[in-house]
Amino acid sequence: MTVFADFRSVVLDALAQLQAEGRVPSGLDTAAVAMETPRDPAHGDLATNAALVLARPAKLAPRALAEALAEKLRAHPQVRSAEPAGPGFLNLRVDEAVWRAELREAIDLGAGWGRSEIGAGKSVDIEFVSANPTGPLHVGHMRGAVFGDALANLLQAAGWEVTREYYINDAGGQVDTLARSAYLRYLEAHDRSIEIPEGLYPGEYLRDVGAALRAQFGDRFVDQPEEAWLEPIRDFAVARMMDEIREDLAALNIHMDLYSSEKAIAQSGAVEQAIGRLEEMGLIYRGVLEPPKGKLPEDWEPREQTLFRSTAYGDDVDRPIRKSGGSWTYFAPDIAYHYDKTQRGYDLLVDVLGADHGGYVKRLKAAVAALTEGRVPLEARLCQMVNLFKNGQPYKMSKRSGNFVTLRDVIDEVGPDVARFVMLMRKNDAQLDFDFDKALEQSRDNPVWYVQYAHARTASLARQAQEAGFLLDDAGLATADADLLDHPSEMALIRKIAEFPRHVEGGAQAQEPHRIAFYLYDLAGVFHALWSRGKEEEELRFVQASDPEGTRARLALVRATQLTLANGMRILGVTPMDEMR
RNA sequence: GCACCCAUAGCUCAGCUGGAUAGAGCGCUGCCCUCCGAAGGCAGAGGCCAGGGGUUCGAAUCCCUUUGGGUGCGCCA
């Protein structure tokens, strides 16, 4: 329970009293009643819109309802003042002890501080990265990887049961292309001179694969027809690429719970089964699509094909599921794969996709809606492009060129923590500029650094206090007399800490991990401000030998700050540091 | 032509799912270290929330529309 939730229910109790007295009609929907922090602290600690949202259904004037509520609220022992304001807001000032109690709460809960149960144990499957196993991960993948993992952490912190899943596209034409490209490198490893034709992957990273192929197969496939080597080489190369991808993810501290294989799904007959179901529903038919308006592809001609009637579920056009040769398009196994996910009993499916797959979302949702009759919600979270900058110059990437900036390049340069934090300082649906120079800068302009620095300062204070002879176990700190913390700067920090659980809930509900990053930046700012004040105002210095009781209280505040920073960073997947180096 | 995303201070971006006088950092202006907590802190200036309509007690936020950018658009995955 947060302070906000507590006082929201206090307001609802007051409402119930008014209803019992017949002053307010009963049966009002209170879902829209919110308790929030007023933007202007002069307005109080808490503000509710209760009177504004209830006035109309209650057929009362907002101000009058607010006044009636205020009258009841004033009787509450922890409410110091309750004043209607503006169009019908109700501003509350509560006993400062209410806020200070949150410090003890934080220290008692430790790593569990900030956790919420709004997820109520519901299960969610988050599919992310799912890059083709044809090469190392690049920066675009990195954003999806970081976002997906942080979202998973966030939902976990909010009480969801989370599965992290990676879908391996190990069945389509691209892995054949990979095999052919790897075969050339295999020949190269046998000292043949090779030329990489247009359409194959030129990347240097395949040299290692060629050497490994030689070590594995000797010269068995040299001068052999494609039928002889395509499959074994493909399987080998895909496995190699997936190992590399797993390593890339591990370097970012990401560990999937589940890797699902397109090939395995295709071989299990699940595709026929899923499409068969759609067929029974009358959603599969032979037909000719309208050409797109505007500029036509040069070789456009009307063509009859096998289509899924996705327009019946909100898509813009029906989608082909078979190629003219009779084999499935990419979409068909993907339908089967998503059908499989819906049958595993999750309460929610989330797909984290790159913006270039935006056009794919409607048909996926259509397929899932059709197959489950709308029972399993699928949400797509799109991550927009990442633009890299270095020395003020844009840094371009393009996967097939064989000359692209890999995830590993970035991590080698800035480390996983910085990379993750920067990726999470922007909401997922806005484009992101990643500036190497700024990421490594040591100033307030670099949020990563600023937040880490705040955490390091809390650790440094702990060390200092210990040297001065203070005991720092959490059990002891939790009993410190928090009432000694009465300076406005201290109260500001306490209030900021108390907000943390609220941001976890809000962020989880909106599926927006970046909110945690911004909250931490804010929290760090309030903490740094207090620290600096200690320079001018002696009584604000955390460790004061002449004031052991006050020092204990301040150390409790520092500890709560540290826990909040650390727990928040853990949601983002960033390691809290005890020292800056 | 259509779909999805974006547009907020000079710059980079938040804005708690519709609330009060729209916030932060950088940059700019002015303060704060002869010694202990200045890789920082305090204060100030800076806005027609891209334009126009609508919804309502109330809009940066929701709907329509125009403009400008990004991503896609029948057998690539």
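Not measured: the values here are computed from a predicted model. In what follows, every chain begins at residue 1, and chains take the letters A, B, ... in the order their sequences are listed.
Closest to the A:Y360 side chain, of the nucleotides B:A77, B:G15, B:G37, is B:A77. The nucleotide whose nearest atom lies closest to any side-chain atom of A:Y453 is, among B:A77, B:A39, B:G74, B:A39. For A:A529, the side-chain atoms get nearest to B:G41 when compared with the rest of B:G41, B:C5, B:A14. If you check B:C16, B:A77, B:A3 against the side chain of A:R515, the one that comes closest is B:C16.
Using P as the reference atom, B:C11 and B:U66 are 27 Å apart when rounded to the nearest Å. Rounded to the nearest Å, the gap between the P atom of B:G47 and that of B:G51 is 14 Å. Nucleotides B:C42 and B:C6, compared at atom C1', are 36 Å apart to the nearest Å. Nucleotides B:A60 and B:A3 are separated by 27 Å at their P atoms, to the nearest Å. Comparing B:C49 with B:A22, their P atoms are spaced 10 Å from each other, to the whole Å. Between the C1' atoms of B:U67 and B:A24, the separation comes to 29 Å (whole Å). Annotation: B:G18 and B:U12 have their C1' atoms spaced 27 Å apart (nearest Å). B:U71 sits 39 Å from B:U56 when the P atoms are compared, rounded to a whole Å.
OP1 or OP2 of B:G37 has not a single side-chain nitrogen or oxygen of A:R457 nearer than 4.0 Å. Residue A:Y450 has a polar side-chain atom (N or O) positioned under 4.0 Å from OP1 or OP2 of B:G41.
Across the interface with RNA chain B, nearest-nucleotide mapping of A:W449 and A:D316 shows A:D316 to be the residue nearer the 5′ end. Place A:P87 and A:E512 on RNA chain B by their nearest nucleotides, and A:E512 ends up nearer the 5' end.
Looking at heavy-atom distances under 4.0 Å, A:E301 makes contact with a base. Among the heavy atoms of the strands lying under 4.0 Å from A:K427 are primed sugar atoms or P, OP1, OP2 only; no base atom is included. Counting non-hydrogen atoms under 4.0 angstrom, A:H503 reaches nothing in the nucleic acid. Residue contacts for A:I321: at a heavy-atom cut-off of 4.0 Å it reaches no nucleic acid atom on any strand shown. Across all strands, A:E36 comes closer than 4.0 Å to no nucleic acid atom at all (heavy-atom distances).
B:U61: no Watson-Crick or G-U partner with both key distances under 3.5 Å is found in any strand. Across all strands shown, B:G27 has no partner, as no Watson-Crick or G-U wobble contact with both distances under 3.5 Å is found. As the counterpart of B:A7, B:U67 is assigned, both hydrogen-bonding distances of the Watson-Crick or G-U wobble pattern falling under 3.5 Å.
The OG atom of A:S130 lies 9.0 Å from the NE2 atom of A:H357; values are rounded to the nearest 0.5 Å.
Side-chain contact check for A:Y519 and A:R515: no donor-acceptor pair (N or O, by modelled atom type) lies under 3.5 Å.
Below the 3.5 angstrom threshold, one finds a donor paired with an acceptor across the side chain of A:N91 and the base of B:A20. A:R502 contributes a side-chain N or O that forms a donor-acceptor pair with the base of B:C16 under 3.5 Å.
No side-chain donor-acceptor contact under 3.5 Å links A:Y313 to the backbone of A:R363. Counting only distance, with no hydrogens or angles, the side chain of A:D318 and the backbone of A:S310 share a donor-acceptor pair below 3.5 Å.
Base orientation of B:U17: syn, since the glycosidic angle falls within 90° of 0.
Between A:Y167 and A:Y330, the angle of the ring planes lies from 30° to 60°, which puts this pair in the tilted group.
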